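Beneath this line is the structure, given in structure tokens, with notes to follow.
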Amino acid sequence: MKFEMWIRALKAARAAANVSQEGLAAMIKWSPSLIAAIETGRRRPTMELAVAADDVLDTGGLLAELLKEADQERGPSWFVAWRGYEQQSTRLRAFEPCLVPGLLQTEEYARAVISAGGLQQAAAVDELVAIRMERQRLLYRDPPLSQMVFLLDETAVRRPVGGRAVLDVQLDRLLEVAELPQLRLHVVPLSVGEHVGLSGGFVLVELADGEQAIYLENAARGHVVNDPETVRFINRKWDSVLGEALSTSTSLDMIRKLKVTS
């Protein structure tokens, strides 16, 4: 519903400035057909367009702010609360036993995961992939998070999601993001055997005020949990899995070798 509010705000701003769709398109150097598609709800606006429209229509940043609020409510309703925690976090730790974490996925890898089994309509797949890609802005936020640590089971970097070519590009992506100064990447080797993380993945975030929250998924939906007892338990799980993981340098060597031998 907030996207409908955004469209109404854009139309009102145009009317107040006495600017037509075609005039706005010319002013911000976008095509008139794209502006028309956005105002009829057939295409979603981008932040680039919102900022440009704010500038030429002199709205004081209103369109960008409304779009930011609308973007936070994209995707499944149960995910909205977690996006708020994720975006406000100062520290993030994530563990995945089967897949590369969503924040590190390439578009092709994400599309393969989301479209698996044909359970989603094509339009829904496109939307969910777009949301996942937008969330990755967190990796490059300014100021950056103080720490981001990702634990992956070796299964996650071996499973050929989307096929071997897609996995190879995904491994390159992992090596790329591992160069970010605030990011650490660890792999739990298969040689460990059983460990406490095999029951499922989780994400831990910490906010500026010290509050911690956890994101957990089951087969149908995700849940945000922040009760102290669960937070303590998941922190213990994290410490246990991290203790089984390879060092960052050894983990990256493993990923490079998987890429070379593919």
Side-chain angles (χ1 to χ4, degrees), residues 74-75 79 82-83 85-116 125-142 144-190 197-198 200-206 213-217 222 234 237-238 241-242 244-260 262:
R74 293 175 68 186
F79 194 65
W82 178 249
R83 288 197 73 182
Y85 276 104
E86 193 175 68
Q87 292 171 4
Q88 297 172 42
S89 63
T90 58
R91 184 186 183 207
L92 182 146
R93 293 170 289 161
F95 167 70
E96 278 290 348
C98 300
L99 295 168
V100 171
L103 286 172
L104 305 182
Q105 291 176 5
T106 65
E107 183 172 345
E108 294 79 8
Y109 188 102
R111 186 172 298 278
V113 171
I114 293 169
S115 63
V125 171
D126 290 343
E127 177 71 355
L128 292 171
V129 170
I131 292 169
R132 189 161 296 182
M133 296 301 101
E134 289 169 8
R135 287 174 53 221
Q136 295 183 7
R137 295 175 185 168
L138 186 69
L139 301 176
Y140 306 99
R141 195 180 72 186
D142 186 19
L145 277 70
S146 62
Q147 185 187 57
M148 302 183 78
V149 186
F150 293 90
L151 279 175
L152 290 72
D153 194 271
E154 187 176 342
T155 303
V157 293
R158 285 188 177 275
R159 185 181 300 279
V161 171
R164 187 67 237 186
V166 170
L167 178 60
D168 281 349
V169 176
Q170 179 62 71
L171 295 179
D172 282 336
R173 170 66 172 161
L174 294 178
L175 294 173
E176 174 189 327
V177 296
E179 295 180 2
L180 294 171
Q182 77 276 20
L183 192 147
R184 285 168 42 205
L185 190 66
H186 298 272
V187 175
V188 181
L190 290 174
L198 292 177
F202 51 86
V203 185
L204 286 151
V205 295
E206 186 172 316
I214 303 159
Y215 180 69
L216 302 170
E217 280 190 347
I234 296 299
K237 266 200 168 188
W238 171 267
V241 179
L242 182 60
E244 302 285 6
L246 301 173
S247 68
T248 294
S249 60
T250 305
S251 297
L252 296 180
D253 283 344
M254 172 188 285
I255 292 171
R256 291 188 189 97
K257 289 175 182 176
L258 287 173
K259 180 76 171 70
V260 169
S262 64

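Predicted model only: the values in this text are computed from it and were never measured.
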Look only at the side chain of [X] and the backbone of [Y], and say whether a donor-acceptor pair between them is shorter than 3.5 Å.
X	Y	value
Gln136	Gly102	yes
Ser146	Thr90	yes
Gln170	Leu104	yes
Arg141	Gln87	yes
Glu107	Ala130	no
Gln105	Val100	yes
Glu217	Gly200	no
Glu96	Gly201	no

Interatomic distance, [X] atom [atom1] to [Y] atom [atom2] [nearest 0.5 angstrom]:
X	Y	atom1	atom2	answer
Met148	Leu183	CE	CG	6.0 Å
Ser249	Arg184	OG	CZ	11.5 Å
Glu244	Leu151	CD	CG	11.0 Å
Met254	Ser247	CE	OG	10.0 Å

Item to check | Pairing residues for Gln88 by the side-chain hydrogen bond (donor to acceptor under 3.5 Å, both in side chains) criterion, not counting sequence neighbours | outcome: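 With neighbours one apart ignored, the set is empty.
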Item to check | Residues that Asp172 engages under side-chain hydrogen bond (donor to acceptor under 3.5 Å, both in side chains), provided they are two or more places apart | outcome: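 For Asp172 there are no side-chain hydrogen bond (donor to acceptor under 3.5 Å, both in side chains) partners, ignoring immediate neighbours.
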Next on the checklist: Going by side chain to side chain contact (heavy atoms under 4.5 Å, CB included), Leu152 matches just one of Leu174, Val188, Ile255, Leu99. Which one?
Outcome noted: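 When side chain to side chain contact (heavy atoms under 4.5 Å, CB included) is applied between Leu152 and each of Leu174, Val188, Ile255, Leu99, only Leu174 qualifies.
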Heavy-atom distance under 4.5 Å between the side chains of [X] and [Y], does that happen here?
X	Y	value
Glu86	Val203	no
Arg159	Leu167	no
Val125	Ser115	yes
Arg132	Ile114	yes
Tyr215	Val205	no
Val177	Tyr140	yes

For the residue pair [X] and [Y], what are the closest heavy atoms and their distance?
X	Y	result
Val241	Gly197	CG2-N, 3.7 Å
Leu258	Leu171	CB-CD1, 4.0 Å
Leu103	Leu139	O-CD1, 3.4 Å
Asp153	Pro97	CB-O, 3.3 Å
Ala245	Pro189	CA-CD, 4.5 Å

Checklist entry - When you check the gap from the basic side-chain N to the acidic O, do Arg164 and Asp168 get nearer than 4.0 Å? => result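 Looking at Arg164 and Asp168, the cut-off is met.
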Item to check | Lys/Arg-Asp/Glu bridge criterion (N-O < 4.0 Å) met for Arg111, Glu108 | outcome: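 The answer is no: the pair does not qualify as a salt bridge.
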Checklist entry - Can Leu138 and Leu92 be said to form a side-chain contact (heavy atoms from CB on, under 4.5 Å), step by step? => result CA-CA 10 Å; Leu138 186 69; Leu92 182 146; 4.0 Å; yes
Item to check | Selection residues 90-113 - residue pairs positive for ring pair (Phe, Tyr, Trp, His ring centres under 6.0 Å), sequence neighbours left out | outcome: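 Checked against ring pair (Phe, Tyr, Trp, His ring centres under 6.0 Å) - neighbours excluded - the pairs reaching residues 90-113 are Phe95-His195, Phe95-Phe202.
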Item to check | side-chain contact (heavy atoms from CB on, under 4.5 Å) between Thr155 and Leu190, worked out | outcome: CA-CA 7 Å; Thr155 303; Leu190 290 174; 3.5 Å; yes
Next on the checklist: side-chain contact (heavy atoms from CB on, under 4.5 Å), that's the test. Do Ile131 and Arg83 meet it? Break it down for me.
Outcome noted: CA-CA 10 Å; Ile131 292 169; Arg83 288 197 73 182; 3.8 Å; yes
